[in-house]
Amino acid sequence: MELLPLTLLGGLLALDGTSLGQFMISRPLVAGVLTGWMVGDPVLGLLIGGILEVYFISIFPAGGAEFPEGGPPTLVAVATGAAVSGPAGVALGALLGFLLSRLSAHSVRILRKINGRLAPDPSRMEVTPSRIVWAHFGGLVFDFSRGCLLSLVGLVTGQWVASAASEAWPLEMPGTLALLAIGASIPAGAFLGSLGGWRRRGGLLGAGLAGFLLASLVL
Amino acid sequence: MKNPGRRAHLSTFLRSFLIQASWNNRTMIGGGFAFAMLPVLRRLHRGDPEGFREALQRHSEHFNAHPYMADLALGAACRMEEEERDPEEIRRFKLAVRGPLGSLGDALIWVGWRPATVLAALVLALAGAPPGATVFFFLVLYNLGHLALRAWGFRVGLEWGSQVGNPLRTVALPKQADRFAAVGVFLLGGLVGLALGRSWAGDSWPLLLLGVTGGIWGFWLGSLVGQRVWRFTFWGISGAIGLIFLVGWFG
Amino acid sequence: MAIVLYRVDERLIHGQVVVGWGSQLRPDRFLVVDTALATSEWEQELFTLGVPERIGVEFMAPGPAREEISGWRESELRSVLLTRDLSTMLELARGRTLEGERVNLGGLHLRKGREEVLPYLFLDESDKVTLEELAKEGVEISAQDLPGSPKVTLESLLG
């Protein structure tokens with residue numbers, strides 16, 4: 001596994017999440033496939049990225065509140081999943097991804113504290129252009145390093161427990177996917193809840209379900 | 001009215017992509033706002049260091065908005081500075097728009113556009129599209145909307161200044177957000193339908209039954225609790241996977 | 001009880017209120033109590049831009065608002081009452097009008113003299129005095145930016 005390029009990609013994914021552009025390459029779906037390409041298994045990247053995407057569907061930083069990040073955790077999940085082949089890899093990858101995501105929320109909090117010290121505070125000091133620019137690029141550097149560090153920690157942990165995990169996982173692939181799908185149904189339901197709930201949107205949901213189910217059976 | 005020139009405007013627009021780079025709890029994107037305004041403020045206050053200093057001080061105060069919608073505030077603030085409006089008026093304008101631009105953007109992009117486009121891509125993937133095509137489809141579609149919104153916002157901001165509420169009201173963003181949300185829900189249903197249809201073809205009936213039953217309960221639970229369910233879900237699924245690993249290890 | 005949320009938030013109607021609390025509490029209207037905004041039409045227009053059509057918005061000065069409170073509480077419409085500073089909320093609560101109600105602190109930001117208490121809450125000494133007076137009027141105070149975030153009690157805020 002190419003540790004260095006993956007770690008750097010993790011830094012970029014972190015940057016895209018908040019600090020730079022927000023073009024959404026940091027979404028689990030995209031991050032998963034990008035990582036998949038780097039480790040030589042884009043289909044696995046799509047599988048894991050696609051499942052994690054559903055977990056993140058209703059999470060967003062409203063008004064700057066704390067949020068778990070999807071990019072670097074997905075990278076770790078896919079890279080670990082590729083290193084440990086089969087259902088054990090998917091399970092271990094997902095587990096690391098979720099834990100790392102919780103950790104990422106804390107790391108964002110720390111980043112914001114650091115930025116708070118760097119950024120000019122007009123109520124206490126004279127703001128100069130160089131101070132603004134330095135704080136800004138400092139923030140980018142710290143965010144990039146945070147993403148790299150987070151990814152590195154996850155990747156190394158994954159490698160460390162890989163062999164033990166591949167022996168321990170008792171489920172086959174369908175069972176593993178079913179477990180993750182059941183978990184994903186909770187945030188999917190929350191998505192419906194925050195979009196107006198059953199009463200306003202239940203019909204649409206049913207229509208989509210029935211339509212696509214029929215189409216997939218007929219075609 | 002002073003004119004800082006097209007290049008300064010363009011530079012401010014491009015800098016707006018970095019508006020959240022120094023996100024912090026004290027001023028939120030205040031530093032980013034000042035960072036983006038720098039080229040325009042520099043041109044407007046050429047030979048007036050005192051005025052430049054004051055403007056910079058003002059624009060680095062607390063501000064927040066949805067990052068894409070911030071372009072609208074940036075454009076309007078540039079226009080008001082160019083019109084040499086009373087600094088207190090500019091301040092009050094920014095205080096008044098920071099909330100609305102946040103909630104409009106959250107509803108339009110985070111709750112509407114992003115889930116709808118991402119779900120469209122997931123449906124495509126489940127229907128058999130290869131990884132590259134899926135990601136390409138999502139990134140292009142999503143960012144067409146993203147870039148159009150930013151460019152439109154900056155332009156109307158520059159054009160309308162403090163009156164920017166007028167064009168904003170005409171395009172009725174909450175209504176658009178509602179439409180995207182509807183599309184999102186429909187596609188979510190579609191995703192579930194497609195997943196069911198595909199596992200139908202498999203031969204593991206007990207598993208499918210388990211998945212569907214669990215899925216219905218989970219979905220119902222999630223819809224009751226709402227968005228805040230993510231903390232519980234993340235811990236819950238991690239715990240479940242960890243437990244199965246332990247059982248497998250000792251069993 | 002038809003006032004489903006009392007909130008002190010400098011940004012008033014923003015993403016956390018409309019999208020965060022809004023999707024949880026499903027309010028029918030926002031009641032914004034603020035002296036300066038009550039008479040400033042252009043600012044009112046800007047503030048209402050982010051509100052979905054099905055939710056109404058009313059702006060009112062604290063004096064008239066005090067008269068309306070009991071009506072709002074008995075009304076069938078679900079309201080979210082917002083002020084952008086603590087003193088306005090205290091003005092509403094004087095004479096124990098809000099006894100037993102819960103007031104939510106959602107966002108007070110950096111200003112000269114204020115110190116960070118929570119990421120979204122900066123307080124100075126006079127803010128703390130106002131909070132204590134508010135508590136004396138029988139109001140239960142806690143800080144919480146979003147429905148899913150941990151709730152922080154007044155004791156740990158001042159302690």
Side-chain angles (χ1 to χ4, degrees), chain B residues 23-28 30 60-67 69 72-73 76 89 92-112 162-178 181 223-233, chain C residues 7 9-26 30 32 34 36-37 40-55 57 59 80 82 84-85 106-112 114-122 144-151:
Chain B
W23 210 108
N24 66 88
N25 300 326
R26 296 170 154 269
T27 59
M28 293 198 181
S60 52
E61 278 173 17
H62 179 281
F63 190 75
N64 198 38
H66 186 280
M69 298 297 287
L72 206 139
E89 203 182 356
R92 282 179 71 168
F93 171 81
K94 282 175 67 183
L95 287 183
V97 294
R98 63 180 175 181
L101 291 184
S103 62
L104 279 173
D106 286 354
L108 184 70
I109 301 296
W110 294 159
V111 183
S162 59
Q163 302 297 312
V164 78
N166 293 330
L168 206 50
R169 209 175 301 276
T170 330
V171 294
L173 291 184
K175 206 177 264 173
Q176 310 298 338
D178 210 51
S223 71
L224 279 189
V225 182
Q227 207 224 341
R228 63 193 162 134
V229 84
W230 70 261
R231 254 173 243 271
F232 159 77
T233 312
Chain C
R7 180 168 166 109
D9 189 334
E10 269 174 22
R11 286 183 276 170
L12 288 172
I13 308 171
H14 66 119
Q16 291 180 358
V17 176
V18 179
V19 182
W21 290 93
S23 66
Q24 200 78 33
L25 300 171
R26 310 255 165 92
F30 292 125
V32 179
D34 190 85
L37 286 185
S40 167
E41 221 162 282
W42 70 273
E43 277 169 293
Q44 286 184 16
E45 275 194 18
L46 291 174
F47 269 107
T48 49
L49 279 171
V51 184
E53 251 172 40
R54 59 178 185 284
I55 304 180
V57 186
F59 293 86
V80 167
L82 298 159
R84 59 174 164 187
D85 48 39
L108 292 171
H109 304 294
L110 186 65
R111 197 186 291 165
K112 210 167 218 155
R114 274 189 181 162
E115 293 295 331
E116 178 170 345
V117 181
L118 293 171
Y120 53 88
L121 207 65
F122 291 72
Q144 189 179 13
D145 54 350
L146 282 170
S149 324
K151 203 171 176 178

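Labels below follow one simple rule: chain letters A, B, ... track the order of the sequence lines, proteins then strands, and each chain is numbered from 1.
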Roughly how far, to the nearest 0.5 Å, is the [atom2] atom of [Y] from the [atom1] atom of [X]?
X       : Y        : atom1 : atom2 : answer
B:Leu95 : C:Arg84  : CG    : CZ    : 6.5 Å
B:Glu61 : C:His109 : CD    : NE2   : 13.0 Å
C:Gln16 : B:Asn64  : CD    : CG    : 8.5 Å
C:His14 : B:His66  : NE2   : NE2   : 14.0 Å
B:Lys94 : C:Leu46  : NZ    : CG    : 14.0 Å

Locate the shortest heavy-atom distance separating [X] from [Y]; write the atom from each residue and the value.
X        : Y       : answer
B:Ser103 : C:Ile13 : OG-O, 4.2 Å
B:Pro100 : C:Leu49 : CB-CB, 4.1 Å
C:Leu110 : B:Thr27 : CD2-CG2, 4.2 Å
C:Trp42  : B:Glu89 : CH2-O, 4.2 Å

Original post:
Between C:Glu10 and B:Arg98, is any pair of side-chain heavy atoms under 4.5 Å apart?
Top reply: yes
**OP:** Could you look at B:Phe93 and say if it's the side chain, the backbone, both or neither that has a heavy atom under 4.5 Å from chain C?
**Re:** both
Original post:
Which atoms of B:Pro174 come close to chain C, meaning under 4.5 Å heavy atom to heavy atom: side chain ones, backbone ones, both, or neither?
Top reply: side chain
Please state whether the side chain, the backbone, both or neither of [X] comes within less than 4.5 Å of a heavy atom of chain B.
X       : answer
C:Val17 : neither
C:Gln44 : neither
C:Glu45 : both
C:Leu12 : neither

Subject >> With C:Phe47 via ring-ring contact (aromatic ring centres under 6.0 Å, His included) - residues at least two apart >> reply: none
Original post:
Under 3.5 Å, side chain of B:Arg231 to main-chain N/O of C:Gly148, donor-acceptor pair present?
Top reply: yes
Original post:
Just by distance, do the side chain of C:Gln24 and the backbone of B:Val225 share a donor-acceptor pair under 3.5 Å?
Top reply: yes
Original post:
Which residues pass the salt bridge (charged side-chain N to carboxylate O under 4.0 Å, His left out) test with C:Glu116, sequence neighbours left out?
Top reply: none
